[in-house]
Novice: 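First the structure, then my questions, so here it is.
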Amino acid sequence: MATMERSKLILFITVLLHFCSSILPSAAAISSGASDGYTINGRVKVEGMGVKGFTLPGKISNAKVILNGGQNVTYLRPDGYFSFHNIPAGTHLIEVAALGFFFSPVRVDVSARNPGKVQAALTENRKGLNELILEPLREEQYYEIREPFSIMNVIKSPMGLMVGFMLIVVFLMPKLMENMDPEEIRRAQEEMRSQGVPSLANLIPGAGRN
Amino acid sequence: MAMAVRVFLLLTLLFLYANFSSALYEDQVGLMDWHQQYIGKVKHAVFHTQRAGRKRVVVSTEENAIASLDLRTGDIFWRHVLGANDAVDGIDIALGKYVITLSSEGSILRAWNLPDGQMVWETFLRGSTSSNSLLSILTNFKMDKENMVLVFGGGCLHAVSSIDGETIWRKELATESFEIRQILQSPESDIIHALGFVGSSKFVTYKIDAKNGELLKHTSTAFPGGFPGELSLVSADTVVALDATRSILVSISFQNGETSFHQTFISDLVADSAGVATILPARLTGIFAMKINSFIVFISVTDEHKLEVVQKITYPAAVSDVLSFSEGQKAFALVQHGGSRIQLVVKLDNDWSTDLLKESIEIDPKKGFVEKVFINNYIRTDRSHGFRALVVMEDHSLLLLQQGDIVWSREDGLASIIDMTTSELPVEKKGVSVAKVEHNLFEWLKGHFLKLKGTLMLASPDDITSIQEMRLKSSEKNKMTRDHNGFRKLLIVLTKAGKLYALHTGDGRVIWSLLLSSLRRSEVCEHPTGLNIYQWQVPHHHAMDENPSVLVVGKCGLGFDAPGVFSFVDSYTGKELDSLSLAHSVAQVITLPFTDSTEQRLHLLIDASNHAHVYPRNLEAVNILERELPNIYWYSVEYQRDIITGHALKGNCILDVEDEYCFNTRELWSIVFPSEAEKIIATATRKLNEVVHTQAKVIADQDVMYKYISRNLLFVATVAPKAAGEIGSATPEESWLVVYLIDTITGRILHRVTHFGSQGPVHAVFSENWVIYHYFNLRAHRYEMSVIEIYDQSRAGNKDVWKLVLGKHNLTSAISSYSRPEVMVKSQTYFFTHSVKTMAVTSTSKGITSKQLLIGTIGDQVLALDKRYLDPRRSPDPTQTEREEGIIPLTDSLPIIPQSYVTHSLKVEGLRGIVTVPAKLESTSLVFAYGVDLFFTRIAPSRTYDSLTEDFSYALLLITIVALIAAIFVTWILSENKELREKWR
């Protein structure tokens, strides 16, 4: 099994190298086109998932890349690359919509003067990008995590507190009384008897005083 | 000591607010929400059934969706909804594993992996002119064992490799307005023929070598009669077209580069040929189909270009494309209506007399007529050929017919909702037994013990599944009667197909559906369009026994002055009570806050010539209206001319025909925006039925602010005309956004703000005394959200207790729009990360609960954002008292907390609208989000403070009580014993 894994890994690396050599030259973020528009090329990369395989993890494969709030919408290729075609020069906004990940929108400048120059910055933290490689800022967890069962939780709940108090009264108080000075107890009991308090209160030394 | 108490208070407050968003646990999914996935009206369908394994059909729809459906059940394997301006032109399967789609007027070609829908490659095809687009996959032609995709778009013919999307060759055929109508390939050689028209008079053929795109031959022949553009191929060298007058059929043969025309008058073939003829795009051999009047005529073309009518069938009917199913045999399907049944006939395309298949299938008449049919074949167990048909109905639903039965059907009309309203369910009556749902005490306890086990994490996997099942199947939420909390309602939705559906809020099932007769295409009404749906009759005290009803307003035609149509539909039974064809157009519908004695709500319809018409049409309604005449005001917004106008009623119309239900209107005021500087892009008002609990807002240090609450406030946003386009089209210097708050009675501008360097799109919500709007800041290149709150200054003096005691306050004085209001405005702006598709605000029955903003993001999710984040009183360092009041320290951007997505891990693909409806329970608001998908849930913006949560463990409560009682007894016995021992001592 282990050898299998390794061979897979090697295969993956070779494919990656091959892929890099074949694709990267054409992956300059902005390439000039014909008179009417430019092309924006970029890549969406998700860290920590790449090891699993060459293709993107299932969660991200359904991601959409959106230009200027819906003017153009495109999808990711298996290697994470995307491109927008026929884009006029100007400053544009690219957003990545992928369930489970939070991506910062990216400001991309397409300049007519020096085509091919990359000018991209994350708008959330104003971080400049040398290449148009978009990575999620964080993963999004849509559900509250149920805390695992613990005794503390039950005890902390109001009912738990009530039961706990009862237990203390029933089992701990008599023990406390045993350690008391027998004369003191007798004095206290006589005092109580003279006051005529209910018998249940005899068990609780503090109750009589209040 | 006091300090400690304060700190403690602060901590508890912080604790409370830290996770105030009503987040969900994963196992609560589906308890109070439901999600339905649709695709829309199917345009193209391609079957994939050849190989063993899952049989599927790939479809593209008018909602720009591409989907792969399970042929056995109709479930969606995968689906992509393309961008709004990325309409799909063609779809096909290449290499048996890729779905090829052509979209955006033939400029974007994409390949999707058939099993999982992952995009494999995408190619942009650069055209030179705009033209029609055509997708064709050359299957016979093998170049290195790959299929070649041939695309015509933008005046160019492209050959693209189906493996990696590389362009093999590109041929510019650009002469002005050239359109290819048909691409043919020779079965043996590598030669393709492209046929089309230049302009409306020339017929053109191109003969092209498929290997390299070399143009072998080109002919162009003018035809004086002209062509409207349709064309039908009848054999390898003959096509049939109509001439420009649509009265002559022209058969064109283009053998060996010679083009010849043969004309036949339609009147010679068909006796009654007064109507407009159209050629249907079915590709049959030797025969073509033509629609004329209410018939479909099949006409065969003989070798001598003689046309003969083969069969004439009455219209509503549909013809499929040809399907080659075994060695050279081709079949096509024909669907006809007969009463409530449809007849599916599959014929060989060269032999008209024999039917391969003839089936009659009962179909719900509420689905309307058949619009499209696609066929596919399969091999039966006895090795004969069987056929299945995918049928698209008039209401946009999709059905699979096989062996005389409906295998599955999908209600895809629900993907295109136009408008919606809600209706209460009937009251539970005594003696009316609703399905037996209450179980006995033992079962109830057992259920709760199971739940307790679940919460204590003691449950086995079996228990967990049964708990989940029990929660999801809770029949309580699916009952057909009104409930105490007001969670159970009917959502009545109007779809683009003119069909009404009533959905139950419990599980989203369709209670009834109705194809509105007034919104069906007919000879009188060619292009009916549904506009809005209103509550017409909501019985509560006078007419308790009557069912509530809704009013559907539509219009007959596309123009703004097209005559209107009305339908009245019973909300409980789904029966159409009445329908009206109006004599006037519908420009605006105003729901008035008056009802007549039968609880019918008065509606005022403004037509295109500014007359007002009152409905219902009875004298009582006219009397009510005449009494209230001076109190009725409305406004209209003209987006093209950038004018906002205020109107009032003036008295009866003076028309040629006496019409007491018609009223004249007069213009009260108008605001004309300078068109060179400002363009209206968005408006917002308060919802008519919104309830505000209190006008006063108590702030820290015991001070009071009075909200300026007026129903007649209008929010208007204008932008510089240059910046009216997309982001990136204007520089920050030449764009600005101006926001107005206008009183719609007097036209007075209460407030005006300019945001320089900002542009649209603007999305706004107006509620109580505040408005929140979302726009794009070009300088920061980020989206922003601003809040404006309006306070009434004229009441601000009422703070002195003595004034109140002596009655010298003005709290009870009437508010009039005519008096000049003294208002104070507070505002603040924050960054917001995402683009927004739509915005809404929660509404509750009494308006006590704090509000949440529901933001439909570009990722098709719905985010709930507390209004407290958009509070102009936020400051970087709030004081102690302000903190205790719940004011959050100011941050530059609004937080996006993943747990506060009300759609949790789901998407409402193609999100278009969010509607909130108050439940009877004050803490809760029902949320319905629609687009291509539907999503419903209920949310509690300040948690469910007025009821126990669904999780509440009754069993734990019982156990505690039992334990306490037991403890009392034990201690009692112990004390008795002890006392006894004392006495014996």
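So you know, we letter chains A, B, ... as the sequences are listed, proteins then strands, and number each from 1.
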Novice: Please test A/Leu99 against B/Gln861 for side-chain contact (heavy atoms from CB on, under 4.5 Å), starting from the C-alpha separation and ending with a verdict.
Specialist: CA-CA 9 Å; A/Leu99 274 185; B/Gln861 290 172 289; 3.1 Å; yes
Novice: Drop me the distance from B/Leu964's CG to A/Phe165's CZ, to the nearest 0.5 angstrom.
Specialist: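 It is 11.5 Å, given to the nearest 0.5 Å.
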Novice: Can you tell if the side chain of A/Arg126 reaches within under 4.5 Å of the side chain of B/Arg782, non-hydrogen atoms only?
Specialist: yes
Novice: So, does A/Glu140 use its side chain to make a donor-acceptor pair with the main chain of B/Ser905 at under 3.5 Å?
Specialist: no
Novice: Using a cut-off of under 4.5 Å for heavy-atom pairs, which of A/His92, A/Arg138, A/His85 has the most such pairs with chain B?
Specialist: A/His85
Novice: Passes side-chain contact (heavy atoms from CB on, under 4.5 Å), B/His781 versus A/Thr91? Steps please.
Specialist: CA-CA 9 Å; B/His781 218 77; A/Thr91 308; 3.2 Å; yes
Novice: In terms of heavy-atom proximity below 4.5 Å to chain B, should A/Phe102 be classed as side chain, backbone, both, or neither?
Specialist: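 It is the side chain, since no backbone atom gets that close.
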Novice: Please check if the number of heavy atoms outside B/Glu105 that lie under 6.0 Å from its CD is greater than 12.
Specialist: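 No, because the 6.0 Å sphere around CD of B/Glu105 holds 12 heavy atoms or fewer from other groups.
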Novice: More than 12 heavy atoms of other residues, nucleotides or ligands under 6.0 Å from CD of B/Glu733: yes or no?
Specialist: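 Yes, because the 6.0 Å sphere around CD of B/Glu733 holds more than 12 heavy atoms from other groups.
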Novice: Could you walk me through whether A/Tyr75 and B/Trp112 pass the side-chain contact (heavy atoms from CB on, under 4.5 Å) test, one step at a time?
Specialist: CA-CA 10 Å; A/Tyr75 293 83; B/Trp112 313 85; 3.5 Å; yes
Novice: Most heavy-atom pairs under 4.5 angstrom with chain B, which of A/Gly69, A/Ala97, A/Gly90?
Specialist: A/Gly69
Novice: Taking every non-hydrogen pair under 4.5 Å, which of B/Thr960, B/Ile108, B/Leu906, B/Thr857 racks up the most with chain A?
Specialist: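 Heavy-atom pair counts peak at B/Thr960.
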Novice: Counting distance only, does the side-chain N/O of A/Asn68 pair as donor-acceptor with the main-chain N or O of B/Ile727 below 3.5 Å?
Specialist: yes
Novice: Between A/Leu76 and B/Met119, is there a side-chain heavy-atom distance shorter than 4.5 Å?
Specialist: no
Novice: Considering only heavy atoms from C-beta outward, does the side chain of B/Arg110 approach that of A/Thr74 to under 4.5 Å?
Specialist: yes
Novice: Any chance you could measure B/Thr833, atom OG1, to A/Phe103, atom CZ, to the nearest 0.5 Å?
Specialist: 13.5 Å
Novice: Which answer fits A/Ala89, side chain, backbone, both or neither, if we ask what part of it has an atom under 4.5 Å from a heavy atom of chain B?
Specialist: backbone
Novice: For the candidates B/Ala967, B/Pro898, B/Ala780, B/Gly83, which exhibits the highest count of non-hydrogen atom pairs separated by less than 4.5 Å from chain A?
Specialist: B/Pro898
Novice: Is the closest side-chain heavy-atom distance between B/His834 and A/Pro105 below 4.5 Å?
Specialist: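 Sidechains of A/Pro105 and B/His834: no contact.
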Novice: From B/Phe124 CZ over to A/Thr39 OG1, what is the distance, rounded to the nearest 0.5 angstrom?
Specialist: 7.0 Å
Novice: Mind checking side-chain hydrogen bond (donor to acceptor under 3.5 Å, both in side chains) for B/Thr123 and listing every partner two or more places apart, or none if nothing turns up?
Specialist: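 Counting only residues at least two positions away or on another chain, B/Thr123 forms no side-chain hydrogen bond (donor to acceptor under 3.5 Å, both in side chains).
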Novice: Report which part of A/Gln71 has an atom under 4.5 Å of a heavy atom belonging to chain B: side chain, backbone, both, or neither.
Specialist: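 Both parts, backbone and side chain.
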Novice: Tell me which pairs pass ring pair (Phe, Tyr, Trp, His ring centres under 6.0 Å) where either residue lies in residues 119-145 of chain A, with sequence neighbours left out.
Specialist: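 Qualifying pairs: A/Tyr142-B/Tyr901, A/Tyr143-B/His904.
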Novice: Tell me, do B/Glu122 and A/Ser83 make a side-chain contact under 4.5 Å, heavy atoms counted?
Specialist: yes
Novice: Could you walk me through whether B/His80 and A/Asn62 pass side-chain contact (heavy atoms from CB on, under 4.5 Å), step by step?
Specialist: CA-CA 8 Å; B/His80 294 291; A/Asn62 240 342; 3.1 Å; yes
Novice: Which region of B/Asp116, side chain (C-beta onward) or backbone (N, CA, C, O), has a non-hydrogen atom less than 4.5 Å from a non-hydrogen atom of chain A, or is it both or neither?
Specialist: neither
Novice: Please look at A/Leu67 and chain B and tell me whether the side chain, the backbone, both or neither of the residue comes under 4.5 angstrom of a heavy atom of that chain.
Specialist: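 No part of it gets close to chain B.
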Novice: So what's closer than 4.5 Å to chain B heavy atoms on A/Ile66: side chain, backbone, both or neither?
Specialist: side chain
Novice: Check whether any side-chain N or O of A/Lys64 sits under 3.5 Å from a backbone N or O of B/Val81 as a donor-acceptor pair, and report yes or no.
Specialist: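 Pair found, side chain donor or acceptor close to backbone of B/Val81.
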Novice: So how far is it from A/Asn72 CG to B/Leu82 CG, rounded to the nearest 0.5 Å?
Specialist: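 Those atoms lie 11.5 Å apart.
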Novice: Any heavy-atom pair between the side chains of B/Phe831 and A/Thr123 that's under 4.5 Å?
Specialist: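 No - every pair of side-chain heavy atoms lies 4.5 Å or more apart.
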Novice: To the nearest 0.5 angstrom, please state how far the CG atom of A/Leu137 sits from the CD1 atom of B/Ile896.
Specialist: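 Going from CG on A/Leu137 over to CD1 on B/Ile896, the span is 10.5 Å.
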